[in-house]
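Written out below as structure tokens is the structure these notes cover.
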Amino acid sequence: MNYDFNAIEAKWQNEWAQRATFKADNNSDKPKFYVLDMFPYPSGAGLHVGHPLGYIASDIYARYKRHKGFNVLHPQGYDSFGLPAEQYAIQTGQHPAITTAANIKTYRRQLDQIGFSFDWSREVRTSDPEYYKWTQWIFIQLFESYYCKDADKALPIHDLIAVFEKEGNANINAVCDEDIPTFSAADWQAFSEADKQDLLLKYRLTYLAETEVNWCPALGTVLANDEIVNGVSERGGHEVVRKKMTQWSMRISAYAQRLLDDLNTIDWPQPLKDSQTNWIGRSVGAMVQFEIDGHNESIEVFTTRPDTIFGVSFMTLAPELDLVQQITTEAQRAEVEAYIEATAKRSERDRMADVKTISGAFTGAYALHPFTGKKVPIWIGDYVLAGYGSGAVMAVPCGDQRDYDFAQHFGIEIPNIFEGVDISEEAFADKENTIIANSDFLNGLSYKEAMQKVIAELEAKGIGFGKVNYRLRDAVFSRQRYWGEPFPVYYVDGKPQMIATKHLPIRLPEVEKYLPTETGEPPLGNASVWAWCTESNTVVANDKVNHKTVFPLELNTMPGWAGSSWYFNRYMDAGNTDAFASKEALDYWKDVDLYIGGSEHATGHLLYARFWQKFLFDRGHVPVTEFAKKLINQGMITGTSAFVYRLDGENKVVSKGLLGDQKVVPIHADVSFVNASDELDIEVFKQWRPEYADAEFVLEDGKYIVGREVEKMSKSKYNVVNPDNICAQYGADSLRLYEMFLGPLEQSKPWNTAGITGVHGFLKKLWKLYMGAEGLKVTDTDPSAENLKTLHKTIKKVESDIENFSFNTSVSTFMIAVNELTTQKCSSKQILEPLLVLVSPYAPHIAEELWEQLGHTESIATAAFPVFEEKYLVESTKEYPISFNGKMRFKLELPLDMSKDDIEAAVMAHEKTQAQLAGREPKKVIVVPGKIVNIVG
RNA sequence: GCCUUGGUGGCGGAAUUGGUAGACGCGCUGGAUUCAAAAUCCAGUUCCUUUGGAGUGUGGGUUCGAUUCCCACCCAAGGUACCA
């Protein structure tokens, strides 16, 4: 019987589906284990061989854990809201739901053919109303909560209202907007309903605010900071400008410290933790108030170096600040306005690209130093950002290089406040080796001491206080798009109202077109049925709006990360219609034990998901504060692009070996036109690119050899390898093994289809070990000591490999085992049966087939993982390493438990024979404490 | 600039606590089988000036012994960037 992988794989994929082999149970005596992949966005292009890498790894781990007796939850779903489907809809008029459904069908077929052990009964789709109903519900919970700093958690907004009614807001310590006046209980009662709502909005965890946002005119939408790369949109590379808009925001800043602290409690890759730490950007320092000379105003600045306050020789404000207008003197007004205008013109991109140029303008105003009372000139400069801290800095040129450069450029004084430090060339920013001088009460103190003392002094004088600042900004939550979750929000007199849970989901309305409206409103503005009737509690036509019982609904939709910030909880109880998951299910599965996905989500999805999880925990909806205990970033599988070289300015295409140093233009050729030895099929290429049909091809040895370069796998680079073709030609088991064999999971590595023959050959050999021409050839014979040794060293290695996620070396181990057993002519069932279980997580189809041939009726997935026994590896002799002058030469096999002297004598005897054979004097033997025998001389 | 990860044959990559570097696979070379090809099998394959020598990015250090530990530097990839 031959190894007919196509038939075997189709058979078992069907069997698994029929028997619901991988359906996870929410009630089990076994310990639970939750293995999760980052769910895919179902794009129109389908999967290429790079996509399943992480899924294969998690599938191996999930299958392994089942063998180890765990109740494994291994679900899959789709992050199915997103921009590509919407853009396709804009171009073709095709409803995104239709293209999305079609894409999901392709994805499902491709995933099924690779043989994953997903529990598809728990599938989720973020664009499914039964799913986004709960995304809307979470949004409402956020709206109904505020963050209490004393309790250090989110609490119901009712609690806050109760306090307002009783005593006003004087004792409230909450994370909120900064412009809230202090009011009493009586004031609160006197406020109008509208004022009360406006006030509460400043405390809610999701709030409506006029924010300066990143507006992308080409995409017609607002982008989050992490959707912008180098000043242009990540998707499409379009220009991004700043614009003020009323948007929903998430008060993620309330969780900054907890997001930072809890990184210590999770087993995530260090680089990923570092980029989150970096993104949150905690800095410790102080707020200091500077009075402005001749004005009834003051400037508050945040500084991380309050210890250097006596080194302040000027202040710099962000040009955008309103204060600038107020304080600028008539003499300086023209210069200041010209500067402000010039900075406003510069795009964000220019400003970023050009960080070296120093620019600024003097306002003519002076601040008063809080301790010396000295007049300090106030400047504006675009190196100060309006969005960080208070948009103002106290400049200490001797301690900060930017301040130093600015001072030098504009001829501002640079006082030295450090003892024994030369600042004639550059600023001195080394905190650790600082001794403060020329600083009144701080003289002679170290950074740490001065820091404490100056903060105490500032607080005593009431002109400042110690403060921790974060770079993390609140996240804008509104998108001017169609294909996203609608908000469960309608507006009464412009004030947002939540729709009660029992009326959810609020379904996406049908629209004529998916572009923003003529008046620049989001696409939902095109819907004719998009108003909320508070009588019927249904969505009704817009022309019914009467502002008594029918009100306009929110026109924005939620961003891509809304649905992905909690989906891992939904899998625990995906069918639930009463809650996003039952308490029982949540308490049972708790969190993800292993999460696998790309590192590109470090400061997006993974931060937002942690935020929502903490919020849901605070409000008692989930049992744990972190959703994923362990996370692994799989690397990328890159493509190996092929290039054809056209001579610059000529219609002549030259083979790679003949290029020399001629000027050439490289042109991508589709990798399918090139064989394993890099030879191009010229005819196919000419058909594909008719503009080269008449080109002259300069060949070497009668062949056109292409150039190769490793690049990201992408359609536009013509280097995409489709898993469908690989499965058809070599089978899914070969694909799975090969993707693992390619290299360490976390690393990026190039795909090379030619290499797959190696693992494919292994599967054939494995098959032959079990199956002869007349069928099964496994017997009941007793295994030899050699057979047992091979089996047990394989068990040991494969087990530790899987535990350490070194799947690549396991594949080598299997190959060695099969080669050894073939040489040993092993046919013993006692060896071959457990071997199959070892292989089954990697190559499940062939394992199932042979398992059935061995007479089992249950799936191999339920078989126990073989138990490793040391005794089969123990030798009666031991190999002692022998070195000459420290250089390892050979190992000498000696009986176990020899004394040091005996070993020395044995090695000496060996050395004497060797010396005699070589005709030289024997060298001296020394047994080094430990295990090494050294021969010197 | 800063943070992180890495640097081993023609290529992807192995190497438990420091102990014969290059497992395994690809590719390549030679051979068997075949009318021939595919497939399969066998042997070889780090480099060099080959009775030997050199060698894990570079230079030092610790050690009887270093891919592994320590110090300095170089290079590459990813993240981040006027954050006060």
Side-chain angles (χ1 to χ4, degrees), chain A residues 226 229-230 269-279 281-283 285 301-306 308 315-316 318 351-352 354-358 381-385 387-396 399-403 405-406 469-473 599-600 602-603 633 635-636 640 676-678 708 710 737-738 741-744 746-762 764-765 768 796-797 800 804 806 808-816 819 879-891 926-936:
Chain A
D226 50 276
V229 178
N230 296 328
Q270 196 55 42
L272 197 152
K273 287 188 182 184
D274 287 338
S275 50
Q276 289 208 352
T277 303
N278 209 320
W279 193 259
R282 180 183 202 263
S283 50
V301 299
F302 175 73
T303 174
T304 54
R305 296 295 303 273
T308 62
M315 318 267 307
T316 315
R351 241 167 111 164
M352 267 193 229
D354 176 28
V355 298
K356 296 247 155 59
T357 316
I358 297 158
D382 69 357
Y383 80 96
V384 177
L385 305 174
Y388 184 76
S390 54
V393 300
M394 57 173 232
V396 184
D400 181 285
Q401 195 56 44
R402 285 184 321 262
D403 295 345
D405 295 341
F406 194 90
N469 219 4
Y470 299 92
R471 199 184 77 111
L472 183 69
R473 304 264 74 88
S599 57
E600 68 274 20
T603 53
N633 290 131
M636 216 191 333
T640 315
S677 26
D678 292 352
R708 292 287 199 173
V710 171
L737 279 169
Y738 189 49
F741 183 68
L742 231 36
E746 285 104 323
Q747 265 177 39
S748 88
K749 54 245 159 192
W751 178 267
N752 168 22
T753 302
I756 202 169
T757 54
V759 291
H760 188 63
F762 155 72
K764 286 197 226 169
K765 283 185 201 166
K768 275 195 208 153
K796 189 181 180 186
K797 180 81 171 110
S800 78
N804 297 315
S806 316
N808 52 331
T809 49
S810 281
V811 183
S812 300
T813 308
F814 291 139
M815 291 183 180
I816 295 166
N819 284 340
E879 285 191 322
Y880 287 85
I882 312 295
S883 70
F884 281 84
N885 291 332
K887 180 109 185 149
M888 193 57 95
R889 280 290 177 252
F890 58 92
K891 280 185 182 172
I926 297 167
V927 176
V928 177
K931 48 187 175 171
I932 301 304
V933 181
N934 197 18
I935 300 177
V936 292

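None of these values were measured; they are calculated from a predicted model. Only heavy atoms go into these numbers, but all of them, side chains included; no hydrogens, no water, no symmetry mates. Every chain is numbered from 1, with letters handed out A, B, ... down the list of sequences.
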Distance, P atom - from B:A77 to B:G13, rounded to whole angstrom: 16 Å
Can you check side-chain contact (heavy atoms from CB on, under 4.5 Å) on A:Met815 and A:Val759, steps first, answer last? CA-CA 8 Å; A:Met815 291 183 180; A:Val759 291; 3.5 Å; yes
Please give the nucleotide sitting opposite B:G44 as a Watson-Crick or G-U wobble pair, both distances under 3.5 Å, or none. B:C28
A:Asn278 side-chain proximity, nearest of B:A84, B:G12, B:U80: B:U80
Using the P atom in both, what is the distance from B:C70 to B:U17, to the nearest Å? 14 Å
Classify A:Pro744 by what it touches in the nucleic acid, base, sugar-phosphate, or nothing, heavy-atom distance under 4.0 Å. sugar-phosphate
So, is A:Ser283 close to the B:A84 phosphate, meaning a side-chain N or O under 4.0 Å from OP1 or OP2? yes
Under a 3.5 Å cut-off for both distances, is B:U62 Watson-Crick or wobble paired, and to whom? none
Measuring to OP1 and OP2 of B:G6, would you say a side-chain N or O of A:Gln747 lies under 4.0 angstrom away? no
State whether A:Lys764 places a side-chain N or O below 4.0 Å from either non-bridging phosphate oxygen (OP1 or OP2) of B:U40. yes
Side-chain contact check for A:Ala754: nearest option of B:A84, B:C26, B:A15 is B:C26
Between B:G79, B:C41, B:C24, spot the one nearest the side chain of A:Ser275, thanks. B:G79
Return the value, rounded to whole Å, for the distance between atom NE2 of A:His760 and atom C1' of B:G25. 15 Å
Integer angstrom distance from the C1' of B:C3 to that of B:C47: 38 Å
Please determine whether a side-chain nitrogen or oxygen atom of A:Arg471 lies at a distance below 4.0 Å from atom OP1 or OP2 of B:A84. no
Reckon A:Asn808 touches a base, only the sugar-phosphate, or nothing at all at heavy-atom distances under 4.0 Å? sugar-phosphate
A:Ser390 and A:Val301: which non-hydrogen atoms are nearest, and at how many Å? OG-CA, 3.6 Å
Expressed as a whole number of Å, how far does the P atom of B:C2 sit from that of B:A15? 33 Å
Which nucleotide wins on minimum distance to the side chain of A:Met815, given the candidates B:C82, B:C26, B:G25? B:G25
Using a cut-off of 4.0 Å on non-hydrogen atoms, how would the nucleic acid contact of A:Glu600 be classed: base, sugar-phosphate, or nothing? nothing
State whether a side-chain donor-acceptor pair under 3.5 Å links A:Tyr383 with A:Asp403. yes
When we call it a touch if two heavy atoms are under 4.0 Å apart, what does A:Asp274 touch: a base, just sugar-phosphate, or nothing? sugar-phosphate
Given the C1' atoms of B:G10 and B:U29, what is the spacing between them in whole Å? 13 Å
With rounding to the nearest 0.5 Å, note down the distance linking NZ in A:Lys749 to CE in A:Met636. 10.5 Å
Say you pick atom P in B:U56 and the same atom in B:U67; how far apart are they, in whole Å? 7 Å
Quick check on RNA chain B: between A:Pro271 and A:Pro750, whose nearest nucleotide comes earlier from the 5' end? A:Pro271
dist A:Asn633:CG -> A:Glu600:CD (nearest 0.5 Å) comes out at 8.0 Å
Classify A:Thr757 by what it touches in the nucleic acid, base, sugar-phosphate, or nothing, heavy-atom distance under 4.0 Å. sugar-phosphate
Tell me which of A:Phe302 and A:Val811 sits closer to the 5' end of RNA chain B, going by the nucleotide each one is nearest to. A:Val811
Of the candidates B:G13, B:U80, B:C24, the side chain of A:Lys749 sits closest to B:G13
Paired with B:U17: which nucleotide, if any, by Watson-Crick or G-U wobble criteria at under 3.5 Å for both distances? none
Looking at every strand, decide which applies to A:Lys768 at a 4.0 Å heavy-atom threshold: base, sugar-phosphate, or nothing. nothing
Gap in Å between the two P atoms, one belonging to B:A21 and one to B:G65, rounded: 14 Å
